[in-house]
**Student:** 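Below is one structure. I have some questions about it.
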Amino acid sequence: MKLAVTYENGEVFQHFGHTEQFKFYDIENGKIIKEEIVNMNGQGHGALSGFLHSAGIDVVICGGIGGGAQAALAETGIKLYGGVSGSTDQAVNAYLDGTLGYNPNVHCNHHEEEHSCGEHSCGTDKHGCSGNGGNCK
């Protein structure tokens, strides 16, 4: 299995479509056997699901994510765990042991506005964003 986490300085990045890096994890028999940080080189919303699919990713862990990106991931068969915050390594270990706290209803619909998740608190806020407990970092 191959897993990808939106990544910034060791933490789960809170806006899927604006992530500049993913951390990829290769998993065998429930154990991490390889880790790799992958730069996106400016690829945005539209290219991310295709890139992840072509990289053989099975699971994505992220913070906030919009409906279009969710649909694109689902279309490629990638399972999504959104609304996650904190350390990427801790999130993956929690996923592997079945204790990952995530929001199955995570959704951001503010993409037409000029701001990033760092400028507001996701969680049914004025931007229409709902994340994990209202904490975009």
**Student:** Under 4.5 Å between any side-chain heavy atoms of I33 and I27, yes or no?
**Tutor:**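 Contact flag for I33/I27 side chains = no.
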**Student:** Less than 4.5 Å apart, side chain to side chain, heavy atoms only: is that true for T88 and E11?
**Tutor:**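 When only atoms from C-beta onward are counted, E11 and T88 do not touch, as no gap falls below 4.5 Å.
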**Student:** Any side-chain to backbone donor/acceptor pair from N103 onto N105? Under 3.5 Å, distance only.
**Tutor:**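 Yes, the answer is positive, given that a donor and an acceptor are paired below the 3.5 Å cut-off.
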**Student:** Go through the structure and list residues passing side chain to side chain contact (heavy atoms under 4.5 Å, CB included) with E35, not counting sequence neighbours.
**Tutor:**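 For E35 the side chain to side chain contact (heavy atoms under 4.5 Å, CB included) partners, ignoring immediate neighbours, are K23, Y25, I32, D89.
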**Student:** Any chain of hydrophobic side-chain contacts (each under 4.5 Å) joining V38 to L73?
**Tutor:**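 Same hydrophobic cluster.
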**Student:** Parallel, tilted or perpendicular: which fits the ring planes of F24 and F22, with parallel below 30° and perpendicular above 60°?
**Tutor:**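 The arrangement is tilted - the two ring planes meet at 30° to 60°.
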**Student:** Sorted by first residue and then second, give each salt bridge (Lys or Arg N to Asp or Glu O under 4.0 Å) pair with at least one member in residues 47-70; sequence neighbours left out.
**Tutor:**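 As it turns out, there is no salt bridge (Lys or Arg N to Asp or Glu O under 4.0 Å) pair with a partner in residues 47-70 once direct neighbours are skipped.
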**Student:** How far does CG of L100 sit from CG of N93, to the nearest 0.5 angstrom?
**Tutor:**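 These two atoms lie 10.5 Å from each other.
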**Student:** Under the ring-ring contact (aromatic ring centres under 6.0 Å, His included) rule, collect the residues that match up with Y81, sequence neighbours excluded.
**Tutor:**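 Listed in chain order: Y95, Y102.
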**Student:** Once rounded to the nearest 0.5 Å, what's the spacing between atom CG of L48 and atom SG of C62?
**Tutor:**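 So the gap between those two atoms works out to 10.5 Å.
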**Student:** When rounded to the nearest 0.5 angstrom, what distance separates OG in S85 from CD in Q90?
**Tutor:**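 It comes to 10.5 Å.
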**Student:** Is it true that Y7 and V60 fall in one hydrophobic cluster, defined by side-chain heavy atoms closer than 4.5 Å?
**Tutor:**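 In one cluster with Y7: V60, no.
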**Student:** Between the side chain of E8 and the main-chain N/O of T6, is any donor-acceptor distance below 3.5 Å?
**Tutor:**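 Judged by distance alone, no pair lies under 3.5 Å.
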**Student:** Report whether I37 and V84 are members of the same hydrophobic cluster (ILVMFWY, side-chain heavy atoms less than 4.5 Å apart, transitive linking).
**Tutor:**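 As far as the 4.5 Å side-chain criterion goes, V84 and I37 are not connected within one cluster.
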**Student:** So, do L3 and I61 sit near enough that their side-chain heavy atoms are less than 4.5 Å apart?
**Tutor:**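 In contact.
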**Student:** Determine whether F13 and H18 make a side-chain contact, defined as any pair of heavy atoms from C-beta on separated by less than 4.5 Å.
**Tutor:**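 Side chain of F13 against side chain of H18, heavy atoms only: contact under 4.5 Å found.
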**Student:** With heavy-atom distances below 4.5 Å as the criterion, would you say the side chains of L80 and V59 are in contact?
**Tutor:**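 No. Closest side-chain heavy atoms not under 4.5 Å.
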**Student:** Is there a continuous path of hydrophobic side-chain contacts, each under 4.5 Å between heavy atoms, that joins L52 to I65?
**Tutor:**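 Same hydrophobic cluster.
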**Student:** Considering residues, nucleotides and ligands other than E75, do more than 12 of their heavy atoms fall under 6.0 Å from its CD?
**Tutor:**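 Check fails, neighbour count at 12 or below.
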**Student:** Any idea which heavy atoms bring T76 and S49 closest together, and the distance?
**Tutor:**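 It is CG2-O, 4.3 Å.
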